Amino acid sequence: MRPMQNSSRLQNIRYDLRGPVQHVAKQMEAAGQRILKMNLGDPAPFGLEAPESIVVDMIHHLRGAQGYSDSKGIFSARTAISQYYQTRGLMQIGVEDIFIGNGVSELISMTLQAFLEPGDQVLIPSPDYPLWTASVMLSGGEAVHYACDEENNWWPDMADLEAKITDRTRAIVIINPNNPTGAVYPRHILEQFADLARRYELVLFSDEIYEKILYKDAVHIHTASVAGDLPVLTFSGLSKAYRMPGYRAGWVAVTGKRADTAAYRESLELLASLRLCPNVPAQHAIQTSLGGYQSIGDLVKPGGRLAEQGDLACRLLNEIPGVSCVPAAGAMYLFPKLDREMYPFDDDEKFVLDLLEEQKILVSQGTAFHWPTPDHFRFVILPAEDDIRDAVNRIAAFLASHRRTPGAVEVQEAGGGMLEPAGADVSGD
C-alpha cells in the first residue's frame with residue numbers, strides 16, 4: 001500500500017502557537033524541567049477560573065443535554081445572545097441571526113467556507129491571530145495582510161489597507177480588541193473600516209472575543225453598530241471574559257440587509273447542519289453568563305488582577321534596554337519590540353527556542369502572528385505578578401547575554417541567530 005500523503009492544502013498552513021517551539025517545551029517538561037509559560041491565553045492554569053454560578057448552571061442541565069440540539073444552537077442561548085446585543089444598541093440582531101459554535105475557532109472556519117471561492121482575497125491585520133490566516137487559506141482564499149501601526153497605538157494603517165484592495169478582495173477581518181497587540185479601536189477607525197467596505201462592496205468579519213477585557217478608559221464599540229447597512233459577522237463567546245475556553249462556546253451574529261445576506265445564511269445553515277450541533281452542555285452556560293453579574297469587571301478595573309498585571313509587565317519590559325512595549329488597552333497580551341541594532345536576531349523562532357533552552361521560559365515569536373520582521377514577541381499577562389517579574393528577569397538576563405557589542409561584525413551563526421562581535425571564534429558554528 002502506498003504511504004498516506006498529506007493534503008496539498010496544508011502546504012503553507014502554520015499555527016506556530018502550538019508548533020515546533022511548543023513541542024520542544026513539552027519534551028523539556030517530560031524530562032523534568034519546569035517551564036515558565038508566557039505563551040498561551042488560557043486563563044485556567046493561572047487560577048482564573050469560570051464563575052461558580054455558571055459551572056453550577058451547566059451541571060444542572062447535564063441530564064437534559066445528552067441529545068443533539070438545533071443545528072444553530074439551543075433557542076434560550078441564542079435568545080440570550082440576541083438580547084445582549086440589543087442592550088448594546090444592535091436592535092437588528094434577532095434569534096435567527098445567531099449561530100452558536102464549538103468556540104469561535106470553529107465558526108471562523110465555517111463562515112469562511114460558506115463565503116469564499118478559490119482565489120478570493122481577504123484582508124487580515126498584521127500582526128494577526130493566526131487562525132484567521134490559516135482558515136482563509138484552507139477555505140481556498142488568499143490572505144493579504146494589512147499593517148497595524150505600532151507608533152499609533154497599534155491601530156490599523158488605513159492607507160496601507162486600502163492600497164491592498166484589489167478586484168479579488170472580498171472581505172476585511174477586524175480583531176478588536178486585538179490579539180496580540182492589545183489595541184482597542186476607537187469609533188473613527190471602525191467608521192473608516194465601514195467606509196472602505198461600503199465603497200468596495202466588502203464584507204466585515206469582526207472578531208470581538210475580548211470585548212469585555214478593557215483597561216483604563218478603553219471603550220469597545222461593535223463594528224456592526226457603525227456598519228448597520230453592511231454585511232457584518234460579529235464573533236464572540238465565553239472563552240476569555242468568562243474564563244472557560246475548554247467549554248467551547250462561541251457564537252457569530254450575522255447582520256446587514258436581509259436580501260444581501262439571504263443566500264449566505266442558507267449556506268451557513270447547511271454547514272451548521274453538517275456538523276450536527278454545537279456542544280450542548282456548554283450552551284447552557286451562555287444565558288447565565290450574559291445575564292448574571294459580570295465578574296470580569298473586577299479583574300480589569302483599576303486595582304484588578306489583570307489590569308495590575310498588564311501594567312506591571314509593560315513597565316518591566318520597557319525597563320529592559322532595547323525593548324519597547326505599547327501598553328495594552330484590552331485583551332490579555334503585550335507585543336514587545338526588540339531593538340535590532342542591539343539584538344539583531346535574524347530568526348525569531350530561534351530566538352524563542354534559545355530563550356526557552358537557556359532560561360526555561362516560553363513566549364511566542366512575532367512572526368507566528370504574521371508580523372513581517374523578527375523583532376517582536378507576544379507576552380501573556382495572565383500569570384501572577386511574581387511569575388511576571390520572574391519572566392521579565394529571565395528575558396532581561398537572556399538579552400543581556402546576547403546583546404550586540406560595539407564594533408560587532410555581521411558573522412551569522414549557521415541556521416540564523418545573533419551576530420557575533422568582531423574577533424569572536426565562530427569555528428564549528
Side-chain angles (χ1 to χ4, degrees), residues 6-20 101 103-150 154-181 183 185 189 192-193 196-197 200-209 223 230-235 250 252 264 267-268 271 331 333 335 348-349 364-374 376 378:
N6 64 309
S7 169
S8 60
R9 288 177 303 214
L10 295 174
Q11 184 174 0
N12 296 311
I13 302 298
R14 297 180 63 184
Y15 189 72
D16 287 340
L17 302 190
R18 294 176 181 254
V104 168
S105 300
E106 180 190 48
L107 293 168
I108 289 173
S109 297
M110 194 169 79
T111 54
L112 289 169
Q113 288 170 3
F115 178 64
L116 294 177
E117 295 288 350
D120 284 349
Q121 293 179 342
V122 178
L123 289 162
I124 300 174
S126 173
D128 70 345
Y129 175 55
L131 178 65
W132 278 104
T133 295
S135 295
V136 166
M137 296 169 67
L138 285 170
S139 301
E142 178 185 349
V144 178
H145 293 97
Y146 63 88
C148 294
D149 185 359
E150 187 169 12
W154 280 117
W155 294 346
D157 182 337
M158 289 298 175
D160 181 70
L161 189 155
E162 184 170 12
K164 289 174 177 172
I165 296 174
T166 72
D167 58 2
R168 293 193 297 154
T169 306
R170 300 275 279 119
I172 303 172
V173 171
I174 303 167
I175 305 174
N176 177 41
N178 186 269
N179 174 11
T181 66
Y185 302 154
I189 293 290
Q192 290 178 64
F193 275 119
L196 288 173
Y200 292 98
E201 298 185 316
L202 304 176
V203 175
L204 297 173
F205 287 71
S206 191
D207 184 343
E208 302 179 6
I209 190 67
T223 301
L230 299 170
V232 179
L233 278 74
T234 302
F235 299 81
V252 61
Y264 178 70
S267 297
L268 268 187
L271 291 180
Y333 316 100
F335 202 58
D348 60 352
E349 183 175 294
S364 301
Q365 67 268 29
T367 55
F369 303 91
H370 298 98
W371 184 249
T373 52
H376 284 74
R378 190 182 74 168

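Keep in mind the model is a prediction, meaning the values are calculated, not measured.
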Would you name the heavy atoms of Val136 and Ala143 that are closest together and state the gap between them?
CG1-N, 3.8 Å
Within this structure, what is the CG-CD1 distance for the pair Leu204 and Ile172, rounded to the nearest 0.5 Å?
5.5 Å
Cation-aromatic face contact Arg378/Tyr333, 6.0 Å, 45 degrees
yes
Please tell me if the side chains of Gln192 and Leu161 come closer than 4.5 Å, counting only heavy atoms from C-beta onward.
no
Contact between Thr111 and Val252 at the side-chain level, heavy atoms closer than 4.5 Å - yes or no?
yes
First locate atom CG of Asp157, then atom SG of Cys148, and finally report the distance between them rounded to the nearest 0.5 Å.
8.5 Å
Separation between CD1 of Ile124 and OH of Tyr129, rounded to the nearest 0.5 Å
12.5 Å
Are Val122 and Leu116 close enough that some pair of their side-chain heavy atoms sits under 4.5 Å apart?
yes
Distance, nearest 0.5 Å, that separates CD1 of Ile165 from CG of Leu202
5.5 Å
With Ser126 via side chain to side chain contact (heavy atoms under 4.5 Å, CB included) - residues at least two apart
His145, Trp371, Pro372
Under 3.5 Å, is there a donor-acceptor pair between the side chain of Tyr264 and the main chain of Pro231?
no
For the residue pair Pro125 and Val173, establish whether any side-chain heavy-atom pair is separated by less than 4.5 Å.
yes
Could you tell me whether the side chains of Glu162 and Tyr200 share a donor-acceptor contact shorter than 3.5 Å?
yes
Scanning both residues in full, the closest heavy-atom pair of Met110 with Leu271 reads O-CD1, 3.3 Å
Report yes if some heavy atom in the side chain of His376 is under 4.5 Å from a heavy atom in the side chain of Pro127; otherwise report no.
no
For the side chain of Thr166 and the backbone of Arg168, is there at least one donor-acceptor N/O pair under 3.5 Å apart?
yes
Can the ring centres of Phe235 and Trp132 be said to be less than 6.0 Å apart?
yes
Are the side chain of Glu208 and the backbone of Thr223 linked by a donor-acceptor contact shorter than 3.5 Å?
yes
Minimum-distance pair of heavy atoms, taken over all atoms of Ser135 and Ser109
OG-OG, 3.3 Å
Distance in Å, Asp149 CG paired with Thr181 OG1, rounded so as to fall on 0.5 Å steps:
11.0 Å
Contact summary for Asp160 and Ala147, nearest pair of heavy atoms
OD2-N, 2.8 Å
In this structure, CZ of Phe115 is separated from CG of Leu268 (nearest 0.5 Å) by 11.0 Å
Sole residue of Thr234, Ile175, Leu107 in side-chain contact (heavy atoms from CB on, under 4.5 Å) with Asp207:
Ile175
Testing the 3.5 Å rule here: is there a donor-acceptor pair between the side chains of Gln365 and Thr367?
no
Closest non-hydrogen atom pair, Thr169 against Lys164
OG1-O, 3.9 Å
Please lay out, stage by stage, how Leu112 and Phe205 fare under the test side chain to side chain contact (heavy atoms under 4.5 Å, CB included).
CA-CA 9 Å; Leu112 289 169; Phe205 287 71; 4.0 Å; yes
Is it the case that the side chain of Asn176 and the backbone of Tyr185 share a donor-acceptor pair, with hydrogens and angles ignored and the cut-off at 3.5 Å?
yes
Please tell me whether Asn178 and Trp154 have a donor and an acceptor in their side chains that are separated by less than 3.5 angstrom.
no
